[in-house]
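Within every chain, numbering begins at 1; the chains are lettered A, B, ... in the order of the sequence lines, protein sequences first and strands thereafter.
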Protein chains: 2
Amino acid sequence: MAKQTKMIFITSNEDLVHQIASKQVEDTHIIDLDDPKQVTSMINNNSINWTFLAGLSELDSKNDQIYKRALDSHQDDQEKQRKLLRKSIDLICKICGDRAIGFNYDVLSCSSCKAFFHRYAHQDLKKLKCSSRNQNQCKIVNGERSKCHRCRLNRCFAMGMRTDFILSQEEIQRRKGFEKNPNISSTNSTCISQTFNNNDKNIFSESLTAEDLIVIDTIQSDFLSIFQNQFEGSKELIDLTDRVSALISWSESHNKLALLIIKYCRLINEFENLNADDRFILIKYNLLSLFSVILCYNCKSRNQSSSSYQEYDGVENKRQFYSVCDPSSDMYTKVINLMISSMETLNQDLVLVSLLTIILLFSKGLSMNENEPLLNDSLSVYRAQSYYTKILWNYLIDKQGEMKTYKQFTRMLTEIFQRQTCATIFREFINIQIKASQTIDQITPLIQTVLHIS
Amino acid sequence: MAKQTKMIFITSNEDLVHQIASKQVEDTHIIDLDDPKQVTSMINNNSINWTFLAGLSELDSKNDQIYKRALDSHQDDQEKQRKLLRKSIDLICKICGDRAIGFNYDVLSCSSCKAFFHRYAHQDLKKLKCSSRNQNQCKIVNGERSKCHRCRLNRCFAMGMRTDFILSQEEIQRRKGFEKNPNISSTNSTCISQTFNNNDKNIFSESLTAEDLIVIDTIQSDFLSIFQNQFEGSKELIDLTDRVSALISWSESHNKLALLIIKYCRLINEFENLNADDRFILIKYNLLSLFSVILCYNCKSRNQSSSSYQEYDGVENKRQFYSVCDPSSDMYTKVINLMISSMETLNQDLVLVSLLTIILLFSKGLSMNENEPLLNDSLSVYRAQSYYTKILWNYLIDKQGEMKTYKQFTRMLTEIFQRQTCATIFREFINIQIKASQTIDQITPLIQTVLHIS
DNA sequence: AGGTGTTCACATAGTTCA
DNA sequence: TGAACTATGTGAACACCT
Ligand SMILES: [Zn+2]
Ligand SMILES: [Zn+2]
């Protein structure tokens with residue numbers, strides 16, 4: 001087929017319009033720009049053969065997109081229908097009643113309320129005064145929403161807008177990509193590095209090496225393959241019929257977990273190379289602390305609240321366990337709160353959890369028990385711990401920059417102390433329970449060791 | 001200015017083309033679609049006065065966008081340049097080394113790794129086997145990244161990809177807008193409602209009324225204007241020079257907070273209408289619990305970790321306070337962990353915090369102190385508490401649906417109990433400290449009352 | 001000039017299809 | 001499987017108004 005000449009005329013010349021509109025011209029499409037409905041419907045119904053536009057070549061992608069949009073037709077129909085439906089039915093700004101554009105700062109709201117909250121969210125509500133005489137009771141409606149700052153901002157908060165949905169400067173920088181490598185641009189990095197350099201013989205100065213990456217890869221892989229069922233499978237609940245069954249049930253489930261932890265530890269060369277006595281001591285005095293690290297990791301949703309509620313049955317079961325053992329004890333509060341605190345610090349970071357487990361394992365004297373025997377080769381243990389601590393440090397530096405890592409480390413150290421305190425009192429608590437209920441024969445030997453019974 | 005008639009003719013009719021092209025027609029633009037270069041250059045150089053298109057009215061936004069895009073021209077150049085620049089330099093997929101498209105699931109990665117993780121993140125790593133003989137040590141590089149599932153998924157985790165960044169079904173539904181009003185579409189709502197209806201005389205069945213909204217508005221406004229400085233101002237730290245100064249300093253700062261709380265309570269009509277004795281009793285026995293609710297709200301960044309670290313100085317100061325008072329006590333752990341737990345439950349929701357404060361205020365017997373005297377008008381207190389509980393319930397239902405609200409309520413009730421336990425032992429702790437240090441004369445009367453000293 | 005509200009640009013979720 | 005798409009919700013910028 002011979003190529004036809006195709007042209008577009010865009011005109012406001014009345015003579016020409018009249019001339020063309022009056023007689024039927026073949027192979028010609030007419031769009032009356034003054035009749036928006038016609039424009040819309042013609043484009044949407046694809047009654048014009050727009051596809052010939054696709055024959056155009058060498059147009060850059062931007063223009064391609066324009067034509068593409070014009071060419072897609074029935075999809076836009078759907079979309080338009082849906083959008084119209086939505087907008088006319090339920091997309092109402094909860095603050096001013098205007099047409100909402102979506103969720104802004106966690107509240108269904110319009111663009112102006114979004115902008116307003118973004119501007120004023122950090123202002124002091126106390127310093128703003130209600131402009132009208134109706135004391136802080138101005139109606140915020142579409143027409144006069146910008147009359148009174150005080151009442152508008154207040155309504156934003158009242159409808160649930162959250163200042164914490166406003167990105168911090170740090171978060172903006174990361175998004176913008178100026179800081180895709182957060183470890184490069186940290187301005188105060190030298191300062192902090194030096195602090196550590198002075199104390200710690202420069203072990204914290206490098207970044208992650210290729211070798212470190214392989215170690216992380218391996219560790220994390222081992223950790224996940226050993227414990228994944230623990231995280232994703234349905235948690236088995238403790239039998240709560242009475243104290244005896246509860247204790248035995250607890251002992252059995254923790255015996256399983258302990259075996260998994262030991263299996264994991266034995267994959268670490270530095271641990272496996274120690275002599276048997278030292279391995280035994282490290283397990284005996286540190287395993288209880290490891291429980292809480294591993295149990296606080298779970299791989300559910302990011303949303304804090306929903307994740308905790310998904311775990312609710314498990315938590316409730318745990319609470320009742322302590323309650324069955326000793327209703328007057330506040331052991332439960334201590335344990336569960338430590339776990340919640342750790343969940344925040346560990347922040348669902350699998351690498352962090354798997355490394356921290358090893359670091360805790362190699363802790364000497366962590367149990368703060370005066371009876372803890374000396375290690376034969378405490379130097380190796382110290383070296384191993386330093387090595388993994390360094391890897392963890394570098395991993396976090398690489399991931400989130402030095403400033404944040406510094407703070408996170410400080411807090412993790414605090415938590416390790418809490419973890420230890422908690423383990424000690426838990427050990428006493430459970431020992432008392434076991435003695436009182438005379439279930440010692442039914443506790444597995446491994447758990448007896450961990451509880452320092454034998 | 002009178003509106004001109006504007007039209008577009010698209011034609012392949014040679015007669016018409018010839019006719020128009022041969023004579024100069026005013027107010028008309030001609031585009032020859034067979035000469036792509038002409039089309040491109042005309043569009044890009046904007047030599048056609050497209051702007052008259054802006055005169056079009058009532059076109060829907062989609063079409064506006066098409067025209068708008070046609071009007072923009074040189075900006076795309078810039079953008080393309082910048083994107084190329086970035087992508088060629090520093091955007092390397094941390095998993096396979098391919099060109100990254102940005103952060104996916106918290107790791108700088110390419111589109112294929114993004115899709116891969118999205119597909120397999122919830123698979124069991126243990127069940128996947130490493131395909132090659134190199135045991136779980138396959139190199140994941142651009143060319144052969146899809147060889148071994150096991151090692152690829154593992155590397156995703158190792159580089160820090162997070163399953164919790166994958167939206168849950170619930171979150172997707174909310175975004176898509178099918179559930180802009182979460183209270184409408186809840187399938188199991190009747191079931192839960194009935195549970196509550198049976199127990200609670202149907203008070204939980206309605207949705208938020210206009211009147212409720214005004215109450216929320218007022219309450220939340222009062223709360224914010226009274227406590228905002230507490231949240232946003234620089235927290236004043238406790239003087240830690242020695243135990244005596246620490247206790248006095250603690251007493252003074254909490255005296256201020258107590259006065260603010262009382263000020264807030266007196267804005268509640270139901271409280272103000274009680275007789276003086278009842279008001280006194282409620283304050284005396286409940287104020288200590290209220291401290292922890294109010295202090296656990298802060299309005300910093302959403303990011304969990306960064307927000308906690310911003311608060312770190314305050315937390316550390318608090319820890320040292322307990323340490324100065326009694327280094328052997330684990331009071332600190334209890335208090336701080338309760339606060340961290342509450343921060344999660346209250347989820348930075350200002351309305352929730354302000355209502356919960358009132359609900360706790362109206363609690364009778366919350367202090368679980370056998371000596372707590374009976375109220376004169378306990379019915380009014382009960383009614384007030386029911387009223388605000390109902391409003392809170394409806395607010396949460398409206399915001400997040402019934403299922404989640406049910407779970408959140410259950411957990412909040414648990415926390416209220418913990419809060420009470422904590423308050424009681426805190427009262428004992430601080431009383432012991434005050435007696436031991438003989439600082440009772442320097443403790444303000446209000447704090448003495450709250451501590452049940454007087 | 002500073003406040004307001006619309007629109008643009010962008011990041012990163014999910015989704016689709018060859 | 002992975003490139004290319006859509007969708008949502010951020011911040012930023014602009015044109016307008018007082
Ligand atoms: Zn609005
Ligand atoms: Zn990749």
Side-chain angles (χ1 to χ4, degrees), chain A residues 61 64-65 68-69 72 75-76 78-79 82-83 86 91 93 95-96 98-121 123 142 144-149 152 161-162 164-169 171-178 180 301-303, chain B residues 54 61-62 64-65 68-69 71-72 75-76 78-80 82-83 86 91 93 95-96 98-121 142 144-147 149 152 161-162 164-169 171-178 180 302:
Chain A
S61 64
D64 278 351
Q65 260 195 329
K68 179 90 182 165
R69 290 220 189 188
D72 298 346
Q75 192 170 8
D76 272 321
Q78 271 196 338
E79 190 185 25
R82 214 182 50 211
K83 278 203 175 172
R86 265 210 232 155
L91 285 194
C93 175
I95 290 150
C96 72
D98 200 357
R99 187 168 56 79
I101 58 169
F103 283 94
N104 299 113
Y105 312 108
D106 214 24
V107 169
L108 199 57
S109 50
C110 70
S111 59
S112 63
C113 290
K114 168 191 167 189
F116 177 82
F117 189 73
H118 187 258
R119 286 197 192 95
Y120 291 99
Q123 285 216 0
N142 193 347
E144 51 189 32
R145 60 187 163 208
S146 45
K147 285 256 175 76
C148 172
H149 275 191
R152 188 176 186 185
M161 276 202 172
R162 288 168 56 174
D164 55 326
F165 271 54
I166 298 173
L167 300 185
S168 69
Q169 215 47 42
E171 288 163 318
I172 291 171
Q173 287 311 305
R174 179 184 158 171
R175 281 199 159 190
K176 288 231 168 168
F178 298 115
K180 295 274 178 188
S301 159
R302 161 170 39 176
N303 188 305
Chain B
S61 61
K62 180 205 58 162
D64 279 349
Q65 261 195 329
K68 183 86 188 173
R69 290 220 191 189
L71 295 172
D72 299 345
Q75 193 171 7
D76 269 321
Q78 268 196 340
E79 187 183 29
K80 197 165 294 176
R82 213 182 50 213
K83 279 202 174 173
R86 261 212 234 156
L91 289 194
C93 174
I95 290 151
C96 71
D98 199 357
R99 189 168 54 77
I101 58 168
F103 283 93
N104 300 112
Y105 312 108
D106 213 23
V107 169
L108 199 58
S109 50
C110 70
S111 62
S112 63
C113 291
K114 169 191 169 187
F116 176 82
F117 188 73
H118 186 257
R119 273 195 282 268
Y120 291 101
N142 193 348
E144 51 190 32
R145 60 187 163 207
S146 42
K147 287 254 177 77
H149 276 194
R152 188 177 188 185
M161 276 200 171
R162 288 168 55 174
D164 55 325
F165 271 53
I166 298 172
L167 302 185
S168 69
Q169 214 49 41
E171 288 162 317
I172 291 171
Q173 288 309 306
R174 180 184 158 172
R175 278 198 162 191
K176 289 224 171 170
F178 298 116
K180 296 276 179 188
R302 158 173 42 175

Separation of dG9(D) C1' from Glu171(A) CD (nearest whole Å): 14 Å
Euclidean distance, atom CZ of residue Arg162(A) to atom P of dT10(D) [Å, nearest integer]: 11 Å
Whole-Å distance separating the CG atom of Leu167(B) from the C1' atom of dT8(D): 10 Å
Validation: residues 101-108 of chain A side-chain donor-acceptor distances under 3.5 Å, sequence neighbours left out:
{"unit_1": "Asn104(A)", "atom_1": "OD1", "unit_2": "Ser109(A)", "atom_2": "OG", "d": "3.2"}
{"unit_1": "Asp106(A)", "atom_1": "OD1", "unit_2": "Arg174(B)", "atom_2": "NH1", "d": "3.2"}
{"unit_1": "Asp106(A)", "atom_1": "OD1", "unit_2": "Arg174(B)", "atom_2": "NH2", "d": "2.9"}

Where do N or O atoms of nucleotides 2-4 of chain C meet protein N or O atoms at under 3.5 Å, pair by pair?
{"unit_1": "dT4(C)", "atom_1": "OP1", "unit_2": "His149(A)", "atom_2": "NE2", "d": "2.8"}
{"unit_1": "dT4(C)", "atom_1": "OP2", "unit_2": "Tyr120(A)", "atom_2": "OH", "d": "3.1"}
{"unit_1": "dT4(C)", "atom_1": "OP2", "unit_2": "His149(A)", "atom_2": "NE2", "d": "3.3"}

Length of the CZ-C1' vector between Phe165(A) and dG11(D), whole Å: 16 Å
From NZ (Lys114(B)) to OG (Ser111(B)), nearest 0.5 Å: 8.0 Å
Check: Tyr120(A) main-chain N/O paired with Gln123(A) side-chain donor or acceptor under 3.5 Å: no
Under-4.0 Å side-chain N/O to phosphate OP1/OP2 contact, Ser111(A) with dT6(C): yes
Protein-nucleotide distance (Asp164(A), atom CG; dG9(D), atom P), rounded to Å: 16 Å
Side chain to side chain contact (heavy atoms under 4.5 Å, CB included) assessment of Cys113(A) paired with Arg152(A): CA-CA 9 Å; Cys113(A) 290; Arg152(A) 188 176 186 185; 3.6 Å; yes
Value in whole Å for how far the C1' atom of dA4(D) lies from CZ of Arg99(B): 12 Å
Touch class at under 4.0 angstrom, heavy-atom based, for Asn104(A) against every strand present: base
Interatomic distance, Ile101(B) CD1 vs dG14(C) P [rounded to whole Å]: 12 Å
d(CE, Met161(B); C1', dT12(C)) in whole Å: 12 Å
N/O (side chain, Tyr105(A)) to phosphate O (OP1/OP2, dT8(D)) under 4.0 Å: no
Nearest listed nucleotide, side chain of His118(B), among dG5(C), dT15(C), dG11(D): dT15(C)
Set of salt bridge (charged side-chain N to carboxylate O under 4.0 Å, His left out) partners for Arg145(B), sequence neighbours left out: Asp98(B)
Any side-chain heavy-atom pair of Arg99(B) and Cys93(B) under 4.5 Å: no
For Phe117(A) against Met161(A), the heavy-atom pair lying closest together: CG-SD, 3.3 Å
Rounded (10°) bend between the five-pair end axes of the helix from dA1(C)-dT18(D) to dA18(C)-dT1(D): 20°
Position toward the 5' end of DNA chain D (nearest nucleotide), Asp98(B) or Lys114(A): Asp98(B)
